[in-house]
Peer 1: 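Encoded as structure tokens, here's the structure I'll be asking about.
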Amino acid sequence: MDGLNPRKVFSLLFIIGIAVVFTLQFGPGSNGFADTGSAAPTASAVATVNGKEIPLRDFSMAWSQQMNFLRSQGNPIPESVARQFGLDKQVLDRLVNAELLAQSAERHGITPSDEELRKLIHENTDFHSKEGAFDFARYQQVLRDFYRRTPQEYEQELRRQMAAQKMMDVVRTGAVVSDDEVRARYEKEGNQAKLVFARFLPTMYADQVPAPTPAKLAEFQKAHEKEIADYYSANAFVYNVPERIRARQILVKVAPDATAEQKAQAKAKAEGLRKELEGGKDFATLAKASSDDDATKLKGGELGWVERTTWDPALANAAFALKAGEVTQPVESPLGLHLVKVEEKKEAQAKKLDDVKGEIATTLYKQEQAKGLAKAEADKALAAAKAGKSLKEQFPVPAGQQPALLRFEAETKPEAVETDSFTAQGDSVPHLGPAPGLVKATFEAKGPAVLGEVFTVGEANVVAQVVEREKPDTAGFDKRKEELRTQARQAKQIELTESFLKSLKKSGNVVTNTEAIDSVLGSAG
């Protein structure tokens with residue numbers, strides 16, 4: 001099969017254009033499709049769509065091609081990670097959508113011509129000879145060795161895929177955009193601004209707050225009894241800590257369907273490892289060499305701090321009965337046989353509110369004082385900005401560096417952060433998140449200007465100045481009119497596509513077979 005291009009195969013199976021619709025319909029935030037409770041698929045199918053099965057082999061091939069496509073794009077993610085992000089559901093959704101569209105095309109009498117089918121097959125370079133022309137013998141070989149289909153089966157499926165695309169084209173032709181809609185889009189997109197802002201967080205000033213005197217603490221505690229009780233309730237997990245151990249483990253896996261002989265072999269292995277430990281072997285070294293727990297073996301079996309309730313009862317009872325430094329005998333759990341070494345133990349703690357009132361009062365007092373310092377510093381920065389000293393001058397970022405906020409690091413001091421351009425369509429500011437008051441003030445500004453108040457955004461006090469301001473005008477509209485019309489038409493096409501596919505699902509019966517999917521991906525991963 002030298003010369004077979006997986007990306008070409010991927011394109012051919014899903015037909016140019018349909019994959020884009022699927023991505024838009026079933027990307028982040030999509031609900032996918034629901035199991036309507038119709039007849040269940042057989043073991044050889046991953047779903048039924050209005051009674052028609054989607055074969056297991058089709059899903060298996062689609063999944064493999066999706067993973068190959070990601071790898072070819074420089075994204076070689078493990079298949080287990082891809083499943084965590086729901087990629088398996090998206091692949092199945094594509095297959096289901098293609099079938100729904102093909103059935104709809106059939107009901108509407110939409111059929112591709114023989115010439116269209118012939119042209120698509122002949123243009124696919126996977127079926128070309130070394131000279132670059134369609135080769136019928138290679139066509140038969142590729143279908144036999146890669147697709148596992150006869151020419152008749154393949155051409156019938158391809159015809160249905162083409163019909164599905166034609167059905168989609170019919171739906172998309174309903175996307176008509178008026179001049180008023182284009183103008184409204186421009187009014188939204190053409191109204192743009194760019195800010196520079198600085199954040200003043202209480203945490204930046206916590207170290208500057210001295211501990212309260214006993215008199216101040218008593219006064220504060222008396223005036224804030226409710227806040228202290230609420231803080232205790234919200235942080236009860238800090239003051240009521242169950243018994244914990246810091247442990248390591250060596251796991252000898254035993255499959256759920258293991259035979260008696262396999263179980264005996266696993267037990268013998270675990271007991272042998274226990275004897276090595278008794279002979280002085282280092283637990284971490286032995287775990288690296290012999291544990292079947294891939295998640296911990298490279299760390300010498302390190303499990304960190306563990307609470308009793310997080311473990312299988314038999315394992316927890318055996319481990320928590322030990323002293324620091326001791327090792328359990330082999331303990332059986334659903335995963336297999338465990339040897340656990342207790343590195344350290346911490347007894348349960350249960351502190352009542354009266355025990356920690358002073359501690360909580362001190363914390364809240366310092367938080368309150370730090371908030372006051374943050375607000376005072378923000379007011380000072382605003383006054384300086386109004387007097388002509390820009391935020392970038394007041395809070396410069398070292399040359400060649402990004403502000404800590406953009407590096408996703410803890411901010412220890414205010415820094416000037418410049419946003420990208422944004423519009424008035426939403427309530428969010430780039431790098432800040434939801435800040436409706438700040439957005440409103442930004443777009444009320446006629447041009448570059450220091451905004452005249454300190455804004456509260458979450459825990460932060462924010463000082464901002466508009467550094468760029470673009471407003472929609474006739475010249476700008478005329479320049480972008482056709483570009484905006486295209487964008488508006490594409491947006492409406494997506495809306496129509498989503499609405500049409502949802503209606504097909506609502507009126508039809510789609511039943512999925514998760515066990516079949518697991519069987520494919522279990523063997524794949």
Side-chain angles (χ1 to χ4, degrees), residues 9-15 17-70 79-80 82-108 110 146-149 153-154 156-168 171 497-525:
V9 176
F10 181 86
S11 299
L12 187 58
L13 279 180
F14 293 115
I15 307 303
I18 292 183
V20 176
V21 174
F22 291 153
T23 301
L24 292 168
Q25 173 67 6
F26 293 103
S30 165
N31 290 326
F33 56 83
D35 187 330
T36 61
S38 184
T42 63
S44 61
V46 291
T48 59
V49 180
N50 297 322
K52 188 176 188 306
E53 292 190 339
I54 295 178
L56 193 63
R57 67 176 183 179
D58 286 4
F59 177 84
S60 180
M61 180 177 287
W63 174 258
S64 297
Q65 289 158 356
Q66 179 67 78
M67 296 306 298
N68 288 337
F69 177 77
L70 290 174
E79 296 193 358
S80 58
R83 290 199 74 183
Q84 290 177 17
F85 281 95
L87 193 59
D88 53 329
K89 295 181 178 62
Q90 292 184 32
V91 169
L92 180 59
D93 290 343
R94 293 176 195 158
L95 294 171
V96 168
N97 266 1
E99 181 57 37
L100 285 167
L101 290 167
Q103 291 180 16
S104 179
E106 186 176 359
R107 290 193 298 272
H108 287 84
I110 297 174
F146 190 81
Y147 289 92
R148 303 285 196 269
R149 283 163 172 74
E153 290 172 337
Y154 174 73
Q156 181 181 8
E157 291 176 7
L158 186 56
R159 195 183 294 274
R160 284 174 61 78
Q161 296 281 357
M162 295 174 69
Q165 178 62 53
K166 283 179 173 288
M167 184 71 251
M168 189 61 64
V171 174
T497 297
E498 290 178 343
S499 177
F500 182 68
L501 288 170
K502 286 177 182 176
S503 70
L504 292 180
K505 292 182 181 72
K506 186 175 181 180
S507 62
N509 287 314
V510 177
V511 186
T512 63
N513 185 355
T514 55
E515 291 183 0
I517 295 172
D518 289 340
S519 72
V520 172
L521 302 187
S523 60

Peer 1: Under a 3.5 Å threshold, yes or no: a donor from one side chain and an acceptor from the other, between Gln161 and Gln165?
Peer 2: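 Per modelled atom types, Gln161 and Gln165 side chains form no pair under 3.5 Å.
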Peer 1: May I ask you to decide if Ile54's main-chain N or O and Asp58's side chain share a donor-acceptor pair within less than 3.5 Å?
Peer 2: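 Not a single qualifying donor-acceptor pair exists.
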Peer 1: Any idea which heavy atoms bring Ala164 and Ala105 closest together, and the distance?
Peer 2: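 The answer is N-CB, 4.4 Å.
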Peer 1: Any non-hydrogen side-chain atom of Arg94 less than 4.5 Å from a side-chain atom of Val91?
Peer 2: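 Yes. Closest side-chain heavy atoms under 4.5 Å.
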Peer 1: What is the distance from atom OG of Ser44 to atom CG of Asn513, rounded to the nearest 0.5 Å?
Peer 2: 9.0 Å
Peer 1: What pair of heavy atoms forms the shortest contact from Phe146 to Gln65, and how long is it?
Peer 2: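 Scanning both residues, the minimum pair turns out to be CE2-NE2, 3.8 Å.
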Peer 1: Do Arg159 and Tyr154 come close enough that some side-chain heavy atom pair is under 4.5 Å?
Peer 2: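 The answer is no; the side chains never approach within 4.5 Å.
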Peer 1: If only atom types and distance count, is the side chain of Ser507 paired as donor or acceptor with the main-chain N or O of Ser503 below 3.5 Å?
Peer 2: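 It does hold such a pair.
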Peer 1: As an exercise, state the distance from CG of Leu87 to CG of Leu92, rounded to the nearest 0.5 Å.
Peer 2: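 Separation between the atoms: 11.5 Å.
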Peer 1: Rounded to the nearest 0.5 Å, what separation is found between the OG atom of Ser64 and the CD atom of Glu79?
Peer 2: 7.0 Å
Peer 1: Got Asn97 and Lys505 here, is their nearest side-chain heavy-atom distance under 4.5 Å?
Peer 2: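 Sidechains of Lys505 and Asn97: in contact.
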Peer 1: Around atom CD of Glu106, are there more than 12 heavy atoms from other residues, nucleotides or ligands closer than 6.0 Å?
Peer 2: no
Peer 1: Is any side-chain heavy atom of Thr512 closer than 4.5 Å to a side-chain heavy atom of Val46?
Peer 2: no
Peer 1: Could you tell me whether the side chain of Trp63 reaches within less than 4.5 Å of the side chain of Ile517, counting heavy atoms only?
Peer 2: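 A side-chain contact under 4.5 Å is absent here.
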Peer 1: Are any non-hydrogen side-chain atoms of Arg160 and Gln103 less than 4.5 angstrom apart?
Peer 2: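 Yes - at least one pair of side-chain heavy atoms lies under 4.5 Å apart.
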Peer 1: Among Leu100, Val511, Val510, exactly one meets side chain to side chain contact (heavy atoms under 4.5 Å, CB included) together with Asn50. Which residue is that?
Peer 2: Leu100
Peer 1: Does any part of the side chain of Arg149, heavy atoms only, come nearer than 4.5 Å to the side chain of Leu158, both counted from C-beta?
Peer 2: no
Peer 1: Working to the nearest 0.5 angstrom, can you tell me the gap between Leu56 CG and Met61 CE?
Peer 2: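 Rounded to the nearest 0.5 Å, the CG-CE separation comes out at 12.0 Å.
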Peer 1: I'd like to check Phe500 versus Met167 (side-chain heavy atoms, cut-off strictly below 4.5 Å). Are they in contact?
Peer 2: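 They are in contact (side-chain heavy atoms under 4.5 Å apart), so the answer is yes.
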